[in-house]
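Scroll down for the structure; my scribbles are underneath it.
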There are 2 protein chains.
Amino acid sequence: MATILDVAKRAGLSKTTVSRVINNQDYVSEENRALVLQAMKELDYHPNPAARRLRGQLTMTIGVVVPAVTDPFFASLTAAVEQTAYEKGYRTMICQSSGDKEKERLFLNLLKTKQADGMIIAALENDWKDIQPFTKHGPIVLCNEDIPEPSVPVIKFDQLSGTYAGIKHLIQQGHQRIGYCTGALFAEKGRDKDRNQGYQKAMAEAGLSINPAWIFVDRHTTEDGKQLLTHVMSMEDRPTAVFTGSDDIAAGMITQANEQGVRVPEDLAIMGFGNQPIAQWITPALTTIQQPADGMGQKATQVILELLHNNQAEMEPYELPSDIIVRKST
Amino acid sequence: MATILDVAKRAGLSKTTVSRVINNQDYVSEENRALVLQAMKELDYHPNPAARRLRGQLTMTIGVVVPAVTDPFFASLTAAVEQTAYEKGYRTMICQSSGDKEKERLFLNLLKTKQADGMIIAALENDWKDIQPFTKHGPIVLCNEDIPEPSVPVIKFDQLSGTYAGIKHLIQQGHQRIGYCTGALFAEKGRDKDRNQGYQKAMAEAGLSINPAWIFVDRHTTEDGKQLLTHVMSMEDRPTAVFTGSDDIAAGMITQANEQGVRVPEDLAIMGFGNQPIAQWITPALTTIQQPADGMGQKATQVILELLHNNQAEMEPYELPSDIIVRKST
DNA sequence: TTGTAAGCGTTATCAT
DNA sequence: ATGATAACGCTTACAA
């Protein structure tokens with residue numbers, strides 16, 4: 001590889017002048033600039049990033065931490081990050097934490113060791129107090145998390161109004177007996193709390209009461225969904241609609257409903273959350289809440305670049321709107 | 001950040017000795033080694049990768065080029081690459097070429113500029129002759145591609161026997177009138193050729209003749225699938241089963257079949273390719289050929305690390321087996 | 001407007 | 001077994 005010195009020699013100038021041209025600085029005569037550009041082209045010269053980095057430059061690399069790229073939501077988010085970063089000249093490193101706290105922390109060392117300029121954490125594994133210290137080595141942006149004090153920007157989408165819109169939709173369909181299924185406990189903090197509040201708000205506004213027996217907690221998987229469907233249909237006094245915390249659960253419920261001959265939505269309306277690919281392929285197709293993964297990835301990247309270049313950003317959470325996608329299951 | 005010099009001072013030794021410890025070299029007394037290790041820990045010292053890189057070290061980073069991480073096949077492949085690389089201490093950069101030749105080439109510059117030690121190209125956008133020159137800057141491994149001379153390792157999966165097994169399965173189900181749908185032309189080179197041969201081989205072995213009217217080329221999307229279903233069902237003399245080149249097409253066909261009241265598999269059996277998530281969610285669930293995305297990602301990473309460390313690898317294509325997944329559509 | 005030289009944090013060479 | 005020193009390729013005072 002040609003070095004800056006090669007270029008300088010060929011152009012009959014000094015390294016300094018070449019460096020000035022590379023970095024678009026002033027005080028280079030037009031003719032010399034042209035000479036340098038010419039030499040660079042002829043030698044197919046590319047500045048060595050390691051050397052620039054060593055001199056304290058930016059790495060032009062950002063990192064993104066996701067639980068797994070195979071999850072469609074995180075795949076979209078990652079895709080958007082890569083795309084947005086690329087357009088600004090940045091490269092993207094990925095880390096799949098796979099629920100591994102140590103891997104997450106190890107990956108954040110990229111910041112410490114100046115291999116990445118900033119980090120986007122799409123899902124936090126560690127407690128924030130264990131991650132916080134990394135912020136002194138470079139900017140971190142969080143997605144969909146609530147942290148004690150807003151010391152870093154957080155990109156969220158509006159779970160409350162998403163859920164609110166979902167429940168309201170069910171009510172408009174004529175449902176009054178609406179169950180609610182969540183991955184967390186009902187009183188939980190954070191993301192799930194917002195959703196729960198959306199549920200409560202919509203029910204309260206419509207003057208509907210919440211039946212505690214129709215609140216199902218700690219359900220996560222397709223399998224959980226299958227069991228839940230069976231459970232619900234076996235209840236004496238049962239809801240006519242269930243709002244679930246994920247498309248996976250909802251898909252499990254629908255699968256089991258088809259199995260048992262339960263008609264969706266006639267016997268039981270089912271709503272998902274996330275608008276994953278399953279949602280459009282399952283029969284009946286699933287009404288669900290769209291999570292703006294693309295938007296979050298874009299926004300997170302924009303914010304981190306802003307932070308990198310101007311060293312400031314809004315610390316109030318960025319709230320992205322979420323839409324309801326009405327299909328056949330409600 | 002602490003530097004090697006800080007560690008050296010604290011340990012009361014020279015940079016050189018510290019470097020020796022870092023790199024696990026001989027000729028360091030046990031007590032000094034302990035001293036250095038101690039100092040490193042106390043200072044939370046991490047070698048600066050930029051500096052090491054400048055000295056000609058490996059970057060411990062590999063790149064992976066995919067069309068889009070949102071495609072489930074490439075997401076799995078990427079996930080496997082990241083996972084495998086991580087276990088060996090490597091980080092992974094992603095590039096979504098999005099069908100953009102220039103982006104692909106720009107990304108390969110990472111090799112030139114020593115930002116990545118090696119590259120895995122999961123789907124090639126450019127002609128190989130435009131990529132070939134990059135190989136002199138570092139190892140490249142290709143997935144699912146055929147190139148003129150085998151100058152770099154290629155990881156493929158056995159498309160021929162995958163297709164062969166698929167057709168054979170249809171024959172075992174009693175089908176004799178088997179159509180075949182492909183994205184390319186029937187005589188095409190490469191990947192599709194292998195598949196076509198699998199089709200021909202299975203048909204020939206069963207003594208079945210191929211009806212040219214049942215060969216459908218240049219079909220790619222779900223939409224194409226819908227149209228194809230309509231077309232097939234309108235034929236006077238039509239196949240009883242169609243093997244398609246992708247789950248997308250097959251899913252489109254099934255969707256349209258459900259729409260038109262065509263029964264799958266009774267009126268028409270349909271087979272996909274790829275085992276994408278759609279395949280298990282559509283009704284009836286799709287019989288398809290499993291593409292070993294995980295296996296390819298793993299293998300590609302292993303080969304590239306092998307190449308990096310021992311500078312040699314098999315140039316014969318690595319062929320991964322592919323399985324047939326039998327579901328309800330056949 | 002241009003050039004000289006120091007320094008970023010490592011590792012390799014050569015002495016000791 | 002240990003250490004002094006040069007070199008990797010670049011940017012940035014500082015000088016001219």
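Throughout, a chain's letter reflects where its sequence line sits, starting with A, and its residues are numbered from 1.
Rounded to an integer number of Å, the gap from CG of B:Asn48 to C1' of D:dC8 is 13 Å. For B:Lys9 and D:dG3, the NZ to P distance is 15 Å, given to the nearest whole Å. A straight line from CE of B:Met60 to P of C:dT10 spans 16 Å, rounded to a whole angstrom. Look at CG on B:Asp6: it is 9 Å from P on C:dT10, rounded to the nearest Å. Look at CG on B:Leu13: it is 14 Å from P on D:dA1, rounded to the nearest Å. Residue B:Asp26 contributes atom CG, which lies 12 Å from atom P of D:dT2 at whole-angstrom precision. Atom CZ of A:Arg53 and atom P of C:dT10 are 15 Å apart (whole Å). Atom pair A:Met40:CE and D:dC10:P shows a separation of 10 Å (rounding to whole Å applied).
The environment of NZ in A:Lys9 is sparse: at most 12 heavy-atom neighbours from other residues, nucleotides or ligands sit within 6.0 Å. Surrounding CD of A:Glu31 are at most 12 heavy atoms belonging to other residues, nucleotides or ligands under 6.0 Å away.
OP1 or OP2 of D:dT11 has at least one side-chain nitrogen or oxygen of A:Arg52 nearer than 4.0 Å. Between A:Tyr27 and D:dT12, a side-chain N or O to OP1/OP2 separation shorter than 4.0 Å is absent. Not one side-chain nitrogen or oxygen of A:Thr16 sits closer than 4.0 Å to the OP1 or OP2 atom of D:dT11. For C:dG9, neither phosphate oxygen OP1 nor OP2 lies less than 4.0 angstrom from any side-chain nitrogen or oxygen of B:Thr3. Distances shown here put every side-chain N or O of B:Thr17 at or beyond 4.0 Å from the OP1 or OP2 atom of D:dT2. Regarding contacts with the backbone of C:dT1, every side-chain N or O of A:Asn32 stays at 4.0 angstrom or more from both OP1 and OP2.
Minimum atom distance to the side chain of A:Ser19 is reached by D:dT11, of the listed D:dT11, D:dT2, D:dC8. When each of D:dT5, C:dA6, C:dT1 is scored by its nearest atom to the side-chain atoms of A:Lys15, the top-ranked nucleotide is C:dA6. For B:Ser29, taking side-chain heavy atoms from C-beta onward, the closest of the listed nucleotides D:dT2, D:dC10, C:dT11 is D:dT2. Side-chain proximity of B:Asn23 to the nucleotides C:dT11, D:dG9, D:dT11 is greatest for C:dT11.
Remark: side-chain polar atoms of B:Asp127 are not paired, donor with acceptor, to backbone N or O of B:Lys129 under 3.5 angstrom.
Each of B:Gln25 and A:Arg20 lies near DNA chain C, and the nucleotide nearest A:Arg20 is the one positioned closer to the 5' end. With DNA chain D read from its 5' end, the first of the two nearest nucleotides for B:Gly12 and B:Arg55 is the one closest to B:Gly12.
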With side-chain hydrogen bond (donor to acceptor under 3.5 Å, both in side chains) as the test, would you mind laying out the steps for B:Gln38 and B:Glu42 before giving the verdict?
CA-CA 6 Å; B:Gln38 167 84 13; B:Glu42 286 173 6; 2.5 Å; yes
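B:Phe74 is not listed as a side-chain neighbour of B:Pro72, based on a closest heavy-atom distance of 4.5 Å or more.
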